[in-house]
Number of protein chains: 2
Amino acid sequence: MNIPMHNDSKKKKAEILCVGTELLLGNILNSNAQWLSLQLASLGINHYRQSVIGDNTKRLQDAVIEASNRCEILIITGGLGPTPDDITTEAIANAFDTPLEEKSKLWQEIKEKISLNKSSIALSNRKQALLPVGAEVIPNPTGTAPGIIWSPISNFTILTFPGVPSELKEMWKDSAIPWIKRHGGTGSVFISKILHFTGISESSLAEQIPFLLQQENPTVATYASLGEVKIRITAQSNTAKEAEEILLPTEQQLKKTFGNYFYGTNEDNLASVVINLLRKKKETLAIAESCTGGYLGKEITAIAGSSDVFLGGIIAYSNEVKRQLLHIPSELLLKYGAVSEQVVEKMALNTREKLGSNWAISISGLAGPGGSAQDKPIGLVHIAIAGPNGCKLIQERFGQHRGRLGIQKLSVLRSLNELRILLHEQS
Amino acid sequence: MNIPMHNDSKKKKAEILCVGTELLLGNILNSNAQWLSLQLASLGINHYRQSVIGDNTKRLQDAVIEASNRCEILIITGGLGPTPDDITTEAIANAFDTPLEEKSKLWQEIKEKISLNKSSIALSNRKQALLPVGAEVIPNPTGTAPGIIWSPISNFTILTFPGVPSELKEMWKDSAIPWIKRHGGTGSVFISKILHFTGISESSLAEQIPFLLQQENPTVATYASLGEVKIRITAQSNTAKEAEEILLPTEQQLKKTFGNYFYGTNEDNLASVVINLLRKKKETLAIAESCTGGYLGKEITAIAGSSDVFLGGIIAYSNEVKRQLLHIPSELLLKYGAVSEQVVEKMALNTREKLGSNWAISISGLAGPGGSAQDKPIGLVHIAIAGPNGCKLIQERFGQHRGRLGIQKLSVLRSLNELRILLHEQS
């Protein structure tokens, strides 16, 4: 057994350790780790490491001893069931040379639960009533596997929970939260806010805010995904209200620095922002999609209440549909091709007129992998936005390397963002 | 620096280390760890531990050194971007007291990629061309962050990848798989095959194959997701050919047991299967979507080559569009409502006629959360499939608990599956 050596910070530090060979085999997604991370953040517990170990007593024992050298609170999930591969309780007892003892009251409760479910009581279930000497039981209201709260050495406490998410969550709320508030809390609260940006790269954005990225409270971090960059601001203080006050100036500074590149907060996305802008103006939208084939409509109608402003549209995938439903003249298609500013302009204007909307977006491009021509490479996309003051044309070369789905997604985001900018300019 | 001590087994052991404070804060789910776990399993690499570390150089450095004492292959994802909190490359170089050097060819490539996207080149991007002396580059075809393959000490190799899942996956397939096959293999080969089923629940499926689920080689495991169940069969042997032979009887037995519930293999999805069936018959498809708002079109056009069979369609979100573009009589809408078999039937028939396709799918339903009526609950969806032999009508109650996105997705999958069944019946 190692001797724990606690270091620098006075704040309680936690780690999460998930036990289960099914996680290592990739059979299930580790959603427990994410859920627990959010819980720890909201309780103001610092959390620097997560681990996953299979159903192996020796390796789990080693991982528990290592963790005891780094943190004060170790949250373990999984491996509390009745089968031979459930080894968590035994491994942590071994790690601290502590014998197991049967909690007779617990065994009684487990037996009652099993007979309630009309299952026969297996001897293996008895194992679930064996806990390390000195451990406190965390009752499991819905399952048979109890958890424990146990401090085998000073300044180090292990909390165990079943891997079944619903049982974990209930037990966490009933037992862990009160315990952490009594013993583990820093007294401080974390508040996070996400700001969304588009039209600017992560690196260009980061270069303009070197001081903010070095700040300690609130912290500022950037995350890129296809077509957008997010900035997360996290403030820490004694109360939620104070944390929000600490966060605010940084939020304002970021919004001021990046102007119209900023488009939304937290759960916002480009579609929801555009729908809200249209709703405020009592204006409507219709669309005509070629290379995106319905993707734009899908993003818009994913938002509850989009029917307030969205009328519908035409998936003009073949040229025949462009001719027939959108009345694009054959000459135009022949002369300029379906992927041209002439054609998207006509698509947007005709859609607006035909569906009687205030705004219309049209998209036509080459998503690939086939279909490129010398002057029209894969990734070339034309977008038109028809509105009360005419039609704005956008040409974009997203590049073949984005792949079909990337080109489709970037086209949808770009078209929504252009409409967002036009709606802002108008107001 | 610790001295690595290699232990018991002769088989190569791997660990996965995911870097990112966003994981520790619970902002994102660690799907990369699951994906990599499946990859390692399919390559026959033993994998005993996963860890998550935040964007902190010292803690990451410690974690890398610890891993070098336990395993031969360390897969790291995340922290390769251009911003100050991207510290992975620096931390692993520090761990083995190795300086970084600029790869000038790599820097050239990064600059070219950035200018293609018309972003300004930030000095911070230059950091991405700095790699530990002796490391080999893993090219990143779609992003700017390259990975590395580096053996800082004997019997220990680090492979790094960006945290962006699409970039990780592509780079893994291009570079890691060939490298592992050359250097890391166990001598035995795992072959996996995924079979896709729809229209049957995971438990009904599992109940019919208890013996297969207990089998040791090949193993059989079920995975449910919204609207479908997958079965993964994994066989292990000395050669790929032998493993495939071991796998085959189980595959055949599963297909026989579940008949038409089985719809595809490996990368297949319902849209790709339907497109292939239509292509074989040289038939075409058009669609009319109300509550799914373009989702069906998106799924179809996500498949490369869908233009061979897909003409396009109408997003008839408002009743006005249903009247104007689809010529649905106002009386029908008034008498039965937009969510009725009478209206979807007319939508499908008119779409087929107007667009001149062999087949037409129409969908109209209540995705919620608003808009329910006494006789029409949220989750009620009508689907019609018009074809050469008439029109098939389907009514489904997916239930409000599925949520808006769930109801939309289930409607799309159900409509594709009904067309798949009709195409099979016809042939």
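Reckoned from all heavy atoms, side chains included, excluding hydrogens, waters and symmetry mates. Lettering follows sequence order; numbering is per chain, from 1.
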Task: Options Q408(B), R59(B), E299(B), ranked by heavy-atom pairs under 4.5 Å with chain A, top entry - done: R59(B)
Task: Pairs of heavy atoms under 4.5 Å with chain A: top-ranked of T21(B), L38(B), L40(B), N319(B) - done: L38(B)
TODO: Would you name the heavy atoms of L325(A) and K354(B) that are closest together and state the gap between them?
DONE: CD2-CE, 3.4 Å
- [ ] Identify the residue among L355(B), T301(B), I287(B) that makes a side-chain contact (heavy atoms from CB on, under 4.5 Å) with Y317(A).
- [x] T301(B)
Open item on the list: Quick check: do R232(A) and L25(B) have side-chain heavy atoms less than 4.5 Å from each other?
Closed with: yes
Task: Shortest non-hydrogen contact from P141(B) toward H401(A) - done: O-CB, 3.6 Å
Task: Side chain / backbone / both / neither for S306(B) at chain A, heavy atoms under 4.5 Å - done: both
Task: Atom OH of Y223(A) with >12 non-hydrogen neighbours under 6.0 angstrom - done: yes
TODO: Under 4.5 Å heavy-atom distance to chain A, tell me which part of I407(B) shows up: side chain, backbone, both or neither.
DONE: neither
Task: Exam field: side chain H47(B) to backbone L24(A), donor-acceptor pair closer than 3.5 Å - done: yes
Open item on the list: Taking every non-hydrogen pair under 4.5 Å, which of W35(B), Y295(B), F310(B) racks up the most with chain A?
Closed with: Y295(B)
TODO: Could you tell me which portion of Q39(A) (side chain, backbone, both or neither) has an atom closer than 4.5 angstrom to a non-hydrogen atom of chain B?
DONE: neither
Open item on the list: Given heavy-atom pairs under 4.5 angstrom as the criterion, report whether the side chain, backbone, both or neither of T292(B) touches chain A.
Closed with: backbone
Open item on the list: Under 4.5 Å from any heavy atom of chain A, what part of A286(B) do you find: side chain, backbone, both or neither?
Closed with: neither
Open item on the list: Tell me every residue that passes side chain to side chain contact (heavy atoms under 4.5 Å, CB included) with E22(A), counting only those two or more places apart in sequence or in another chain.
Closed with: N27(A), I28(A), D55(A)
TODO: Return the set of residues passing side chain to side chain donor-acceptor pair (under 3.5 Å) with Q34(B) (not counting sequence neighbours), or none when no residue passes.
DONE: none
Open item on the list: I'd like to know which of G293(A), A63(A), A224(A), G297(A) tops the heavy-atom pair count under 4.5 Å against chain B.
Closed with: G293(A)
TODO: Please flag which part of L23(B) lies under 4.5 Å from any non-hydrogen atom of chain A: side chain, backbone, both or neither.
DONE: backbone
Open item on the list: Is it the case that the side chain of E202(A) and the backbone of T83(B) share a donor-acceptor pair, with hydrogens and angles ignored and the cut-off at 3.5 Å?
Closed with: no
Task: Top contributor to chain B interface from C291(A), S51(A), G305(A), A206(A) [non-hydrogen pairs under 4.5 Å] - done: S51(A)
- [ ] Answer yes or no: does atom CD of E353(A) have more than 12 heavy-atom neighbours from other residues, nucleotides or ligands under 6.0 Å?
- [x] no
Task: 4.5 Å side-chain heavy-atom contact, N30(B) and N30(A) - done: no
TODO: Output the option from G370(A), S307(A), G403(A), S192(A) having the highest count of non-hydrogen pairs under 4.5 Å with chain B.
DONE: S307(A)
TODO: Report the distance from atom CZ of R404(A) to atom CD1 of I303(B), rounding to the nearest 0.5 Å.
DONE: 8.0 Å
Open item on the list: Quick check on K322(B) against chain A: is it the side chain, the backbone, both or neither that has a heavy atom closer than 4.5 Å?
Closed with: neither
TODO: Identify which part of E320(A) has an atom lying under 4.5 Å from any heavy atom of chain B, answering side chain, backbone, both or neither.
DONE: neither
Task: Salt bridge present between R49(A) and E66(B) (N-O < 4.0 angstrom) - done: yes
Task: chain A contact via E289(B) - side chain, backbone, both or neither, heavy atoms under 4.5 Å - done: side chain
Open item on the list: Does any backbone or side-chain atom of L405(B) lie under 4.5 Å from a heavy atom of chain A? Answer side chain, backbone, both or neither.
Closed with: side chain
Task: For chain A, the option from I16(B), I314(B), L36(B), V164(B) that forms the most heavy-atom pairs under 4.5 Å - done: I314(B)
- [ ] Please flag which part of A367(A) lies under 4.5 Å from any non-hydrogen atom of chain B: side chain, backbone, both or neither.
- [x] neither
- [ ] Would you mind telling me which of G313(A), G312(A), S318(A) has the largest number of heavy-atom pairs within less than 4.5 Å of chain B?
- [x] G313(A)
Open item on the list: Please rank D62(B), I53(B), D85(B) by heavy-atom pairs under 4.5 Å with chain A and give me the top one.
Closed with: I53(B)
Open item on the list: For A304(B), which atoms come within 4.5 Å of any heavy atom of chain A: side chain, backbone, both, or neither?
Closed with: both
- [ ] With a 4.5 Å cut-off on heavy-atom pairs, point out which of L311(A), V321(A), N56(A) contacts chain B the most.
- [x] L311(A)
Open item on the list: Please classify the contact between P82(B) and chain A as side chain, backbone, both or neither, with a heavy-atom cut-off of under 4.5 Å.
Closed with: side chain
TODO: Could you tell me which portion of A33(B) (side chain, backbone, both or neither) has an atom closer than 4.5 angstrom to a non-hydrogen atom of chain A?
DONE: neither
